[in-house]
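Reading through the structure tokens given below for one structure.
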Amino acid sequence: MNDSLHLWLIPLFPFAGFLLNGVLGSRLPKWLVTTIALLTPLWSFAIVLSAARGLLGFGATLPSLPFVETCPVGWIDAGALHIGFSFVLDQLSLVMLLVVTGVGLLIHVYSVGYMAHEDGYWRFFSYMNLFMFFMTVLVLAGNALVMFIGWEGVGLASYLLIGFYFQKNSAADAGKKAFIVNRIGDFGFLIGIFLLLANFGTLTFSEIAGKLAAAPAWQGGVLTAIALCLLVGATGKSAQLPLYVWLPDAMEGPTPVSALIHAATMVTAGVYMIARTHAIFDRSPFALGIVAIVGAATALFAATIGLVQNDIKRVLAYSTISQLGYMFLGCGVAAYSAAIFHLMTHAFFKALLFLAAGSVIHALGGEQDLRKMGGLRKKIPVTFWTMTAAVFAIAGFFPFAGFFSKDAILYAAFLHGPGGKLFWFVGVVTALLTSFYMFRLWYLTFLGESRSHDVHPHESPWSMLAPLSILALLSIGGGWIGMGRFGTFLAPVVGMSASEGGSTQLEILLSIVAVAVALLGWLIADRLYRQRPESADNLAAAMPAGYKLLINKYFVDEIYGYTVVKPLLAISQYVLEWVVDVAILGGATWLLAGTAQFAGAILQRWQSGNLRSYAAWLALGAAVVLLFFLLPATLGMHVSGMGR
Amino acid sequence: MTYLNESILTIILLAPLAGAALIVILPDRGKLPAWIGLLTTLVTLGLTLHLPAHFVLSQHGFQFETSRLWIENPAIYYHVGVDGLSLWLVVLAGLLAPIGIVASWNAIQQRRKIFYALFLVQQTAMLGVFLSLDLMLYYGFWELSLVPMAILIAMYGRKDGSKAALKFFLFTFIPSAPLLVAILWLYANTGTFNFADLQILIASGGLPAGPLCWVAFAFLFAFAVKVPVFPLHGWLADTFSEAPVALAMVVAGKLGLYSMLRFHVGLFPVQARALAPWLVALAVIGLLYGACLALVQRDFWRLLAFAALSHLSLITLGIYGLTFTGWDGAIYQILNHGVVDGALFLLLGILEARYGTSQIASYGGLAAKVPQTATLFVITSLAMIGLPMLNGFVGEFLILSSTFTGVNRGWAVAATVGVILGAAYMLWLVQRLFYGPQSPLAAGKPASDLRPGELLILWPLVALMLGMGVAPSIWLATIENRTGPPTLKGSITLPQPSLSLAAPGEGQQ
Amino acid sequence: MHLILFFIFAALCLAGAVNLLLQTHPINSALSLIVVMTSLAVLYLLLGAEFLAAAQVIVYAGAVMVLFTFVIMLLNAGREERTLGSRAARVVGFPAVAAFLALLATVLLKAHGLGRAAMQEGVTSTDDLSAVLFTKLLLPFEVTSVLILIAILGAVALTRHGDGERSASK
Amino acid sequence: MAQPGIPLAWYLMLSAILFSLGVIGFLIKRNLITVFMSIELMLNAVNLSFVTFAHQWHAVKGQIFVFFVMMVAAAEAAVGLAIIIAVFRARATLAVDRIDLMKL
Amino acid sequence: MNPGDMLRILPEVVLTLTGVLIMLADASLPPNAPRRALGWVAALGTTLALWASLWQLSLPAGTAFYSTVETSPFTVFFHVLICGIVLVVLLLSLDSLPAESHHQGEYYALVVLGAVGMCLLTSGIELLVIFIALEISSIATYVLACYRKESGRSPEAAIKYFLLGSFATGFLLYGIALAFGATGTTQIYELSRLLPTAQNHTMVLAAMALMVVGILFKVSAAPFHVWTPDVYEGAPSPVVALMSTAPKAATFALLLRVVYEIFPTLRSSWAPLLWCVAVLSMTVGNVAALRQQNVKRMLAYSSIAHAGYLLAAFAGLGPGGIAAASFYTAAYAAMNVGIFAVVTMVGGYDDQRSMIADYRGLIYRAPLLGGLLIFFLTSLVGIPFTAGFFGKFYAFSAAVGGNAIWLALIGLLNSGLAAAYYLRLAFVTVQPAPDTESFAKVATPTVGVAVAAALLFTVGATLVLGIIPTQALQAAETGAHTLQVPAIDENPAYITVGTQQPR
């Protein structure tokens with residue numbers, strides 16, 4: 001069929017890969033595992049590309065967007081509820097798909113090298129394919145419930161991949177934590193779905209948008225509630241305050257996983273979801289405000305923690321959280337295209353950062369502590385140069401990709417209503433911090449002298465470097481599309497915000513400020529870590545409280561531990577199990593049984609074995625029976641006598 | 001074929017009994033009883049599959065019906081039949097039986113004859129409960145199901161079997177006393193035990209309302225203990241931790257929940273509605289309570305017991321939400337729970353058989369040693385905590401969404417919280433059993449992974465979980481063709497979400 | 001005349017009964033019982049039951065009580081032991097008997113239409129008695145033979161030493 | 001006295017009192033044989049009632065009943081005393097209060 | 001009297017002749033000859049009697065011997081029941097009595113002759129006949145209870161049973177005397193005709209009270225049950241099997257006759273009493289049984305409870321009350337004789353292993369006995385598809401039919417409570433026995449042909465009454481109709497006592 005894109009094939013290929021490798025992988029030769037693992041996302045990518053080709057005007061004409069494909073058989077048909085498997089391809093999902101399958105494919109390739117010597121090679125790739133499957137389902141989803149499939153599914157894949165080294169308690173813990181925290185977010189999403197169902201009677205995004213469009217005056221109220229519930233879901237998946245805690249721990253997984261799931265794709269699902277349901281958010285300024293606040297706060301918050309982390313992957317993790325905060329900020333100021341734009345560029349450079357970090361770690365034989373690195377520039381040059389491109393991109397230097405997208409968000413924030421300036425200011429401060437800690441990482445890793453003597457770094461294999469290089473190119477050039485074009489492209493889906501029209505003088509001015517700030521961050525890092533390496537420690541020593549606060553990540557995990565987890569366990573154990581279950585309910589049962597037994601004991605005493613006692617009881621019984629019969633009769637006579 | 005359609009239910013009921021008789025007659029030599037048991041249950045399963053294959057979707061009411069006078073006065077009929085409500089439950093019962101046999105294959109080392117014979121009797125009793133359309137016949141099977149169960153728990157209990165068996169028996173037997181009185185009262189006032197007749201007679205309003213209320217309550221109470229509904233779950237944990245795996249997997253839920261739907265809500269819709277808010281509340285409390293307690297259990301059977309409490313409470317919520325969709329979800333979830341719990345029991349039973357303990361703390365790091373077990377366990381756990389595309393989700397979603405849209409948002413939200421806790425305890429269990437460094441126990445015992453026979457039963461189950469998660473319509477279509485209570489029809493359906501009601505903004509305009 | 005006889009023998013009856021209770025030696029109790037029984041025989045006579053009066057003396061006072069005495073002698077039963085005994089008998093039994101008697105007394109004393117007994121009235125001849133006994137009540141009469149058979153069987157089975165019982169088997 | 005003789009109720013009362021005394025005897029006597037005698041006393045009391053009622057109704061049946069009761073009493077005496085002998089042989093006591101091997 | 005009258009007491013005649021034959025044979029056999037064959041003679045005679053009873057169905061219902069006995073489906077029902085019980089008990093005794101006992105002849109004769117009394121008790125319609133029949137059956141059981149006279153317990157049981165039994169007979173007799181005093185007759189039909197118009201209403205009431213006391217004692221209903229545990233514990237097990245069922249069935253028949261035929265008009269008086277007694281019996285029986293360690297004693301308490309259930313059947317005055325009570329008697333007999341058969345085999349004639357702990361692991365030592373024990377216990381619990389269930393079902397459905405819902409509820413809750421101790425025994429049976437010396441020594445009881453037949457009968461009866469009870473129930477119903485029951489009035493006066501409407 002010419003007019004069919006066979007969207008369902010996009011997730012299906014990775015799923016097939018998952019099944020093949022998952023079921024048979026342990027028995028297949030390694031090369032076959034690799035082939036299956038790589039070919040399946042490649043096919044998906046190819047399909048996406050073929051679709052994109054038409055859209056971008058390169059090839060044959062394709063059906064107009066949005067293109068909807070629905071499975072003829074419904075999924076859940078119960079009573080009045082009809083939910084089908086429907087996939088939607090529009091500009092938004094296309095961009096996401098390109099990122100997901102493209103970056104995903106690159107990371108798969110990278111993993112071939114990175115994971116080459118791991119035991120669960122086949123297991124790793126089957127999980128990766130599973131992730132690709134769920135992620136593409138999430139992106140393509142035409143209704144909220146199908147999206148929820150992907151939503152939960154990527155959480156599952158993330159859980160499995162974080163816990164890949166399951167023999168390590170920390171890894172298993174991290175996986176569990178990720179899943180459960182995500183589930184808390186999913187709880188919000190689910191409630192949101194219920195609210196949608198209750199208020200719209202449908203979960204299909206287009207129908208919801210249509211119904212909203214039909215009621216132009218409908219604002220706030222229940223829509224705010226829906227939006228906030230969805231936001232909870234998004235904060236869970238996209239590691240925003242207050243549900244970000246799982247992401248740093250997720251670094252326990254293999255590095256390609258961190259790159260793919262916890263940097264480039266899955267964590268951006270929240271942003272994607274908000275963009276997808278923007279019709280609802282648009283009707284609730286309050287909810288949007290919350291989104292912006294959450295985003296800005298997270299951006300700043302995570303950046304401060306990132307300043308002092310010593311684990312290379314953790315720095316990147318906090319930077320991811322911070323960057324996701326930007327995206328949320330973008331959504332919060334209704335600049336969805338900007339947010340998606342940043343999402344895309346971020347996918348390039350953050351994947352690159354992680355992969356490069358992975359390469360570093362690979363080179364150092366598993367070392368992740370920044371304090372034990374240094375002087376790697378010469379030893380692993382390709383890694384160094386690609387990483388450098390990424391650092392510049394994330395720091396927001398012109399003309400790297402990050403510059404364009406971050407700038408678009410900051411500009412949109414600046415223009416956004418009363419709080420906009422504040423958001424912008426927070427964004428700029430975050431940019432400063434980002435620049436600082438990224439260069440700190442850069443310095444500590446590559447420059448200076450090696451601080452560890454017993455390692456012999458070596459450059460990574462080709463399979464790892466090739467993806468690095470491609471991503472480096474994208475990090476450099478990915479932003480050149482320009483916000484204007486990108487915004488126009490996405491406009492049919494997410495609309496156009498005021499800031500996305502084109503560049504103005506103000507925007508240029510703001511850009512200059514941003515670049516200046518980034519430069520400032522570099523300079524500070526340069527001063528602290530290149531010129532006077534000891535001064536950083538001095539600074540930390542000078543502000544022990546602050547440093548302690550930061551290095552311990554504001555004690556958030558501990559706070560959660562003491563306010564949520566421990567009380568829950570304690571209440572379950574002591575109040576519910578011991579008091580309610582054992583003492584009250586068990587006690588009640590025991591009491592009933594005990595009463596019966598006690599009564600039994602009393603009645604046994606009755607059986608004294610003494611004949612005369614027995615006779616006494618018989619006599620009593622006889623007297624009672626006699627009384628029983630005679631008394632009513634006597635009374636009756638008396639009464640009737642009275643009657644007479 | 002017509003003849004078969006008429007007698008198929010009788011054959012289904014008799015098949016396990018025949019197997020039991022065969023086991024009793026033949027000598028107790030080696031695995032002979034187990035083989036006969038397996039064969040019988042497989043045949044029974046095959047027979048039950050006849051039902052969905054020949055179930056006429058377009059035809060309303062009971063199908064495959066047979067009705068014969070059994071006892072003249074009082075008029076008790078041997079009256080059996082299935083509708084959408086019981087159809088898949090029968091198949092489920094048929095499916096769980098071979099699983100139970102496989103679970104017992106190596107766990108039961110001695111006195112196999114008694115075990116398998118009683119197991120098959122239990123099977124008949126359970127099928128009988130699902131099939132009976134005469135209240136006395138139903139009650140007969142209902143009580144009969146207790147005996148083999150209790151005896152086997154007493155015989156094969158892990159530590160103090162007879163105590164647990166007694167607890168189980170009394171907990172379920174004593175509440176059935178009011179149930180019998182209620183049934184007798186109905187008979188005394190209507191002169192029939194026939195389900196359909198009673199449904200009409202009760203709906204007609206000819207019976208005095210006050211006593212009817214108590215009658216309905218007696219029904220409910222008996223079922224609620226059997227399910228169990230919080231706070232009547234006292235027997236559950238002990239039974240789970242003592243009962244042989246094959247029995248534990250059939251003991252909770254199904255019978256009670258089915259009975260609630262058929263005989264409480266089905267017969268007494270008005271009274272059920274009056275009590276529904278309370279039950280919804282209890283169900284949600286039980287859901288959260290079970291989940292919380294499951295978090296802190298040290299023994300995996302007890303953990304599973306409280307998890308079951310939590311899940312069964314969810315189904316109860318679906319039933320007493322009194323919405324059409326909720327019932328769909330509830331019935332579907334009963335099936336899911338059966339499949340998932342069956343697999344979990346089987347897996348944990350295998351672990352216990354190989355490692356000799358059910359203390360979670362003794363385990364750890366098993367995944368490297370028994371990867372297949374770990375994989376299947378994780379998949380089953382995921383199905384249990386309601387991951388989309390696996391079966392648990394569909395039921396959960398239907399129940400929760402119908403509760404949210406049609407019953408009460410607060411309770412629905414609270415119930416959803418319980419679902420999250422479900423993920424917590426299950427994943428924690430997975431982690432403590434399979435992940436982390438290997439425990440001394442795990443390292444010390446050269447235990448093997450799953451055997452072919454076990455795989456042969458587990459993979460189809462997993463496939464079923466997936467199938468039921470992806471294509472629930474296959475089941476839901478039949479489930480919806482059930483005979484609802486006459487008065488409830490039309491009065492309660494899924495509250496059609498209407499924009500005009502839900503969107504105040506539009507109203508203001 | 002009737003009145004005097006009634007009072008004398010009723011008093012004898014009661015005295016005998018009370019003495020039966022008060023005596024601690026079984027043989028004394030047995031003698032007291034014989035007093036009661038013979039007094040009752042006189043009362044039967046007063047009520048016109050000649051045959052019964054005779055039977056009472058022969059069967060009861062004679063046969064039955066002889067049996068009792070015989071057993072007392074056989075077992076060499078001595079005075080009653082002063083055992084602590086039963087509290088229930090006192091606490092429960094006596095009030096119960098009192099209530100029982102009181103209730104019966106109300107019934108009997110308030111009963112309507114009860115006649116009076118005079119010496120010459122309603123003497124039943126043995127003829128009348130046997131006429132009924134061997135026609136209308138033939139069956140009970142015959143059945144009594146089974147009863148007596150059983151009594152004999154039982155007495156034999158119980159008192160005969162189990163010579164072939166256990167010792168023989170061992 | 002308007003009528004000759006005495007009221008039958010007196011006989012009946014005598015019977016009731018004798019019966020009660022028999023019951024009391026059962027309660028207070030400590031020797032199996034005397035306990036058994038108390039029962040005989042009760043039966044005799046009932047017999048008096050029967051004879052009285054027979055007089056009241058001029059019914060022979062009452063007297064025949066008494067006759068049968070006597071026979072039954074005789075049979076009972078035979079069996080009862082045999083049992084008492086058996087008890088004495090097994091336990092070497094006739095004290096009622098010691099016959100309490102089985103209780104609770 | 002006409003010759004046809006003999007046909008109306010044919011079973012009794014057959015039994016009597018059998019008894020006499022056994023006595024004669026016993027006397028004429030050499031002292032050391034085995035007397036086991038006499039048991040078979042007794043069994044044969046009982047079978048003949050059973051057949052004779054069934055044959056009596058072909059006679060038109062009617063009376064004989066100047067209206068002192070009658071033959072009706074009601075009497076036939078109980079005759080068959082009693083003969084059946086006696087037959088099974090005889091079979092049981094055949095294998096459980098010590099083979100070398102010299103008293104076997106007397107034993108069988110006593111059982112058979114006792115059965116004459118029991119049979120006559122159900123068919124007598126003249127209080128004199130009933131009194132004598134009662135004494136026959138009682139004296140026979142007194143003697144049988146004492147049968148293991150060399151042990152200390154058996155004579156104790158007998159003396160307790162005997163003295164208390166006679167004591168209670170005194171009350172019954174006094175009641176009869178008062179009834180006679182109120183009407184001048186002792187023929188049941190005349191009584192029921194005359195009583196409503198009797199001058200002395202209170203005397204009638206007192207008569208009824210005392211008669212009921214005497215009968216309730218015999219059926220061991222609370223509070224007249226105190227003798228039961230001691231007697232059951234001490235008496236030999238086969239005898240307990242007999243006396244917990246056959247005389248009890250006969251006395252229940254008598255109770256039915258007394259309350260429904262003699263005092264039907266006083267229903268408003270006796271129904272509440274029986275209501276109370278029923279509730280008290282089941283509760284006392286079940287609760288006291290909970291802590292019992294001795295199996296026979298436990299079953300004694302259980303029989304008290306079952307008497308309560310049985311009373312509940314007609315205390316509620318439902319339309320099927322009499323039939324339900326009759327049926328229950330049969331059902332109870334089937335399972336109780338069965339369980340006592342098992343107890344006899346396990347415990348031995350000497351009751352050496354009668355504690356619950358002795359039953360540990362029984363099912364592994366003796367699978368058949370263990371399985372049957374569990375089966376009978378299940379039936380006693382009242383699990384469907386056994387006689388116990390349908391007995392209970394009919395009893396309580398009669399109660400509910402009579403609007404005595406509370407009675408039914410209490411009864412069924414009680415049966416739930418009862419499950420606790422029945423199952424305790426059942427579960428002990430399936431527990432693996434410890435490998436200690438004392439358990440190793442326990443001999444595995446051997447099941448002979450006679451006992452096997454007895455067990456087969458009881459199992460069969462329990463199953464038949466549980467699965468296809470229609471015929472038995474029809475028999476019970478036909479019997480109930482022939483009992484002269486005036487129509488149950490619509491609004492019984494007891495309703496305020498028995499049945500507070502649940503609110």
Side-chain angles (χ1 to χ4, degrees), chain B residues 24 28 69-74 76 110-111 113-114 125 128 136-137 139-147 150-157 160-166 169-189 208 210-211 213-215 217-218, chain E residues 318-320 323 363-364 367 370-371 374-375 377-378 381-386 389-390 392-394 396-403 405-424 426-432 466-470 473-474 477 501-503:
Chain B
V24 170
D28 189 358
L69 188 62
W70 174 23
I71 293 165
E72 267 174 44
N73 183 20
I76 301 175
Q110 43 193 338
R111 311 184 291 276
K113 195 165 162 172
I114 306 174
M136 271 323 292
L137 188 66
Y139 183 84
F141 284 120
W142 169 266
E143 295 234 310
L144 181 65
S145 71
L146 291 177
V147 177
I151 291 175
L152 289 180
I153 294 173
M155 273 179 96
Y156 294 93
D160 193 359
S162 48
K163 206 173 157 197
L166 200 57
F169 193 94
L170 292 184
F171 251 95
T172 25
F173 188 67
I174 292 179
S176 63
L179 172 64
L180 182 56
V181 175
I183 293 177
L184 293 178
W185 185 89
L186 280 180
Y187 182 78
N189 285 279
C213 225
W214 283 103
V215 166
F217 186 75
Chain E
I363 201 159
Y364 312 119
I374 292 175
F375 172 74
L377 284 171
T378 312
V381 171
I383 295 297
F385 307 111
T386 59
F389 172 72
F390 267 109
K392 217 166 278 181
F393 166 69
Y394 288 129
F396 291 118
S397 88
V400 171
N403 229 353
I405 290 165
W406 280 109
L407 182 60
L409 193 60
I410 295 171
L412 285 165
L413 285 175
N414 252 300
S415 78
L417 186 65
Y421 61 86
Y422 289 130
L423 290 179
R424 191 159 57 102
F427 293 160
V428 163
T429 312
V430 300
Q431 266 173 3
I467 296 172
I468 37 172
T470 309
L473 191 75
Q474 271 171 352
E477 270 175 2
Q501 291 289 317
R503 205 149 307 287

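To find a chain, count down the sequence lines: A is the first, B the second, and so on, and within it residues start at 1.
In this view, B:F141 and E:F385 satisfy the ring-ring contact (aromatic ring centres under 6.0 Å, His included) rule, not counting sequence neighbours. Partners of E:F375 under the ring-ring contact (aromatic ring centres under 6.0 Å, His included) rule, at least two apart in sequence or in another chain, do not exist in this structure.
Interface remark: B:I114 contributes side-chain atoms only to the contact with chain E (heavy atom separation under 4.5 Å). Both the backbone and the side chain of B:A154 come within less than 4.5 Å of a heavy atom of chain E. Heavy-atom distances place both the backbone and the side chain of E:L409 under 4.5 Å from chain B. The parts of E:S415 that come within reach of chain B are both its backbone and its side chain, each placing non-hydrogen atoms under 4.5 angstrom from that chain. Heavy-atom distances place the side chain of E:Y364, and not its backbone, under 4.5 Å from chain B. No part of E:V428 comes within reach of chain B, as not one of its non-hydrogen atoms sits under 4.5 angstrom from that chain. Proximity to chain E (any heavy atom under 4.5 Å) is restricted, for B:L170, to the side chain, taken from C-beta onward. Interface residue E:L417: only backbone heavy atoms are found under 4.5 Å from chain B. Both the backbone and the side chain of B:A150 come within contact range of chain E, each with at least one heavy atom under 4.5 Å from a heavy atom of that chain. Within the 4.5 angstrom heavy-atom criterion, no atom of E:A426 approaches chain B. Within the 4.5 angstrom heavy-atom criterion, no atom of B:W142 approaches chain E.
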Practice item. Apply side chain to side chain contact (heavy atoms under 4.5 Å, CB included) to E:V381 and B:F173, showing your working. Key: CA-CA 10 Å; E:V381 171; B:F173 188 67; 3.6 Å; yes
Review point. Is there a side chain to side chain contact (heavy atoms under 4.5 Å, CB included) between B:K163 and E:F427 once you walk through the steps?
Key: CA-CA 9 Å; B:K163 206 173 157 197; E:F427 293 160; over 6 Å; no
Check your understanding: Run the side chain to side chain contact (heavy atoms under 4.5 Å, CB included) check on E:F396 and B:L180 step by step: do they pass?
Key -> CA-CA 9 Å; E:F396 291 118; B:L180 182 56; 5.7 Å; no
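For the pair E:K392 (side chain) and E:G411 (backbone), a donor-acceptor distance under 3.5 Å is absent. Checking side-chain atoms of B:Y187 against main-chain N and O of E:V400 turns up no donor-acceptor pair under 3.5 Å.
Listed options B:I183, B:V215, B:I76, B:I174 were ranked by heavy-atom pairs under 4.5 angstrom with chain E; first place goes to B:I174. Residue with the most contacts toward chain B among E:T429, E:I363, E:I467, E:T386: E:I467 (heavy-atom pairs, distance under 4.5 Å).
Atom OG of B:S162 is separated from atom CZ of E:R424 by 10.0 Å, given to the nearest 0.5 angstrom.
Between B:W70 and B:L137 the shortest side-chain heavy-atom distance falls below 4.5 Å.
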